[in-house]
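These notes are about the structure you will find just below.
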Amino acid sequence: MRLLTHNMLSSNIKGVTNGFPLGIEVEKVIEKQVDFNPDFLRNMFAKVEWKALVDAARTMGYAELPEEADLSMLESDDFLKRFHHALLELHLEEGALVCPETGRKFPVNKGIPNMLLLEDEV
């Protein structure tokens, strides 16, 4: 699961008012090379919750993103390459996503998060 996906997921358990961002428990992280596309990154920047991305990347062992970012940074190739690596090339292969409110763990197996709710959570 890419951090791009993580940045868009939230816990939808009944009664949860703040299910974002999901915590990450890491068992295995892999890196998969993806073609660099600066235009895609510039378009995605406004859609990404930056603090959630930075925290998730650090949890997965990547600490090369700045604490804060703004539009002016999109002109820097160095920044775009770091953003690209965190957003698209880091993959949570095995582990879990954790609801920040309830602590409910959603397993991630072979890079696929299982966000299915139990009957009493719907």
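Residue indices begin at 1 and follow the sequence shown. We use all heavy atoms of the structure for the numbers below, so side chains are in, but hydrogens, waters and symmetry mates are not.
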Exercise for the section: With sequence neighbours excluded, tell me which residues meet salt bridge (Lys or Arg N to Asp or Glu O under 4.0 Å) with Glu119. Expected result: none
Handout entry: Worked verdict on Ile112 versus Met1 for side chain to side chain contact (heavy atoms under 4.5 Å, CB included)
Key = CA-CA 6 Å; Ile112 301 168; Met1 178 197 70; over 6 Å; no
Table please: side-chain donor-acceptor pairs of residues 5-12 below 3.5 Å, with sequence neighbours left out.
residue, atom, partner, partner atom, Å
His6, NE2, Leu22, O, 2.7
Asn7, OD1, Glu49, N, 2.9
Asn7, ND2, Glu49, O, 3.0

Problem - Listed partners of Glu27 passing salt bridge (Lys or Arg N to Asp or Glu O under 4.0 Å), at least two apart - result: none
Problem - Distance (rounded to the nearest 0.5 Å) between Phe79 CZ and Leu41 CG - result: 9.0 Å
Practice task
Under the salt bridge (Lys or Arg N to Asp or Glu O under 4.0 Å) rule, what do Glu67 and Arg58 come out as? Steps first, then yes or no, please.
Solution key: CA-CA 11 Å; Glu67 282 290 325; Arg58 289 186 178 158; 2.2 Å; yes
Exercise for the section: Kindly indicate whether the side chain of Ile24, heavy atoms from C-beta on, has any atom under 4.5 Å from the side chain of Asp55. Expected result: no
Practice task
Would you please test Val16 and Lys14 for side chain to side chain contact (heavy atoms under 4.5 Å, CB included) and show each step?
Solution key: CA-CA 6 Å; Val16 169; Lys14 176 176 63 180; over 6 Å; no
Practice task
Could you tell me whether the side chain of Ser76 reaches within less than 4.5 Å of the side chain of Lys81, counting heavy atoms only?
Solution key: no
Problem - Val108 side chain near Asn114 side chain, heavy-atom distance below 4.5 Å - result: no
Practice task
Write out all pairs satisfying salt bridge (charged side-chain N to carboxylate O under 4.0 Å, His left out) with one or both partners inside residues 68-80, taking only residues at least two apart or from two chains.
Solution key: Asp78-Arg82
Exercise for the section: Would you name the heavy atoms of Glu101 and Gly15 that are closest together and state the gap between them? Expected result: OE2-O, 3.6 Å
Practice task
Flag yes if Met60 and Phe20 sit in one hydrophobic cluster, no otherwise; membership is Ile, Leu, Val, Met, Phe, Trp, Tyr, and two members link when side-chain heavy atoms are under 4.5 Å apart.
Solution key: no
Run the side-chain donor-acceptor check on residues 83-100: report pairs under 3.5 Å with partners two or more places apart or on a different chain.
residue, atom, partner, partner atom, Å
His84, NE2, Val34, O, 3.0
His84, NE2, Glu89, OE2, 3.1
His85, ND1, Glu89, OE1, 2.8
Glu89, OE2, Val34, N, 3.1
His91, NE2, Leu88, O, 3.4
Glu94, OE2, Lys110, N, 2.8

Handout entry: Atom of Pro66, atom of Met73 and distance for their closest heavy-atom approach
Key = CG-CE, 3.6 Å
Completion exercise
CZ of Arg104 to CD1 of Ile13, rounded to nearest 0.5 Å, is 5.5 Å
Problem - Same cluster (ILVMFWY, side-chain, under 4.5 Å), Trp50 and Leu71 - result: yes
Exercise for the section: Look up atom CG in Leu116 and atom CD in Glu121, then write down how far apart they are to the nearest 0.5 Å. Expected result: 10.0 Å
Problem - Residue list, salt bridge (Lys or Arg N to Asp or Glu O under 4.0 Å) with Asp39, at least two apart or on another chain - result: Arg42
Completion exercise
Smallest heavy-atom separation, Val26 atom then Val29 atom, equals CG1-CG2, 3.4 Å
